[in-house]
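Below is one structure; the comments refer to it alone.
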Amino acid sequence: MARTKRRGAPRPRHPSVRRAEGYREQNSIVRIIAEGKATEPDYFNECIRGLIPAGIRCHVEPGGGDYATLIGMAKREERRFPDAEIWIVADTEDRTPAQYAPLEQWARGGTHRHLGVSNTMFEIWVLLHVETKPDTSSASARRLRELVKREYGSRCRYDGANKHLRGVVFTAAEVRRAIDRARRRRASFGEGGDESVPRQSWCTTVDILVESIICHPGK
């Protein structure tokens with residue numbers, strides 16, 4: 001399906017060029033609509049904030065709710081910031097391909113629209129910073145609790161009731177490894193990019209978003 005153009009907006013570069021080079025323009029605006037209210041915002045605001053260049057104005061809006069809510073929030077951000085890159089960061093959990101369809105339809109509606117979706121949970125993306133092959137399904141949350149307790153102790157509390165990552169800081173090398181692992185996993189299944197939802201377990205497209213905003217970490 002052909003993508004639509006926004007009237008009055010500058011013509012963007014092809015998305016693949018943007019992903020390869022990162023958002024290098026001064027004052028680039030990136031608006032992220034996150035399904036989660038704690039883990040996802042903390043990841044961008046705490047874990048990798050120091051790796052995001054000053055010229056990139058990146059903001060995370062906690063969402064919650066279903067996909068329709070996230071899409072509605074994304075459309076609102078488009079009206080507020082017509083020149084921004086808009087990302088929806090969500091999980092598949094136990095949803096079906098039919099339920100993914102509205103997300104993918106939204107993403108194909110403009111070159112400024114992107115998906116950072118994890119199958120099954122965002123925690124899988126976080127674990128890829130330190131593990132080659134993370135556990136799947138609900139085990140991901142358990143492994144993340146173990147990781148946080150081991151590496152950060154009392155500086156960060158992540159458990160079933162409190163899923164905040166405040167106090168966790170990833171290095172550029174750790175982020176680079178996570179990106180490479182996510183990319184190889186998708187490639188092994190022939191998964192798509194930031195317009196489609198990963199169908200295979202412990203696959204994610206969050207790496208595409210992260211690489212674009214921190215501009216080649218670890219290089």
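In this text the structure is predicted, and so the values were computed from the model without any measurement.
Tested against Ser118 for a side chain to side chain contact (heavy atoms under 4.5 Å, CB included), the candidates Asp91, Leu128, Val89 yield a single pass: Asp91. For the side chain to side chain contact (heavy atoms under 4.5 Å, CB included) criterion with Trp87, the lone passing option out of Val206, Ile33, Asp194 is Asp194.
Considering CD1 of Ile86 and CG of Leu115, their distance stands at 12.5 Å, rounded to 0.5 Å. The line from CG of Asn119 to CH2 of Trp202 is 12.0 Å long, rounded to the nearest 0.5 Å. For the atom pair CG of Leu51 and CD of Glu174, the computed distance is 10.0 Å after rounding to the nearest 0.5 Å. To the nearest 0.5 Å, atom OG of residue Ser212 and atom CD1 of residue Ile56 are 7.0 Å apart. Atom CZ of residue Phe170 and atom NE2 of residue His129 lie 5.0 Å apart, to the nearest 0.5 angstrom. Taken from OG in Ser28 to CD1 in Ile213, the straight-line distance is 11.5 Å, to the nearest 0.5 Å.
A cation-pi arrangement is not found for Arg95 relative to Tyr100, the charged atom failing to lie both closer than 6.0 Å to the ring centre and inside a 45° cone about the ring normal.
Looking at Pro198 and Thr205, their side chains come closer than 4.5 Å, going by heavy atoms from C-beta outward. At a threshold of 4.5 Å between non-hydrogen side-chain atoms, the residues Lys75 and Trp106 count as touching. Side-chain contact between Glu35 and Leu70 is present, with at least one heavy-atom pair separated by less than 4.5 Å. Between Val117 and Thr92, some side-chain heavy-atom pair lies under the 4.5 Å cut-off.
Of all non-hydrogen atoms in Cys58 and Ile32, the two that sit nearest each other are SG-CD1, 3.6 Å. Taking each heavy atom of Gly36 and Glu40 in turn, the nearest pair found is CA-OE1, 3.3 Å. Across Leu103 and Ala90, no two heavy atoms sit closer than the pair CD1-CB, 4.5 Å. Across all non-hydrogen atoms, the minimal contact from Leu165 to Glu46 is O-CB, 4.4 Å.
Remark: Arg186 engages Asp207 in a salt bridge (Lys or Arg N to Asp or Glu O under 4.0 Å) (not counting sequence neighbours). Partners of Arg31 under the salt bridge (Lys or Arg N to Asp or Glu O under 4.0 Å) rule, at least two apart in sequence or in another chain, are Glu77.
No hydrogens or angles considered: a donor-acceptor pair under 3.5 Å links the side chains of Trp125 and Tyr43.
Comment: Glu85 does not engage Arg113 in a salt bridge, judged by the lack of any side-chain N to carboxylate O separation of less than 4.0 angstrom. Taking the charged nitrogens against the carboxylate oxygens, Glu104 and Arg199 do have a contact shorter than 4.0 Å, which makes a salt bridge.
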Stepwise side-chain contact (heavy atoms from CB on, under 4.5 Å) check, Tyr67 with Ile88: CA-CA 9 Å; Tyr67 286 167; Ile88 291 180; over 6 Å; no

Stepwise side-chain contact (heavy atoms from CB on, under 4.5 Å) test for Glu123 and Thr39: CA-CA 8 Å; Glu123 282 82 355; Thr39 309; 3.9 Å; yes

Check against side chain to side chain donor-acceptor pair (under 3.5 Å), Glu78 and His112: CA-CA 9 Å; Glu78 288 176 310; His112 60 293; 2.6 Å; yes

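Sorted by first then second residue, the salt bridge (Lys or Arg N to Asp or Glu O under 4.0 Å) pairs that include residues 47-72, not counting sequence neighbours, are Glu61-Arg76.
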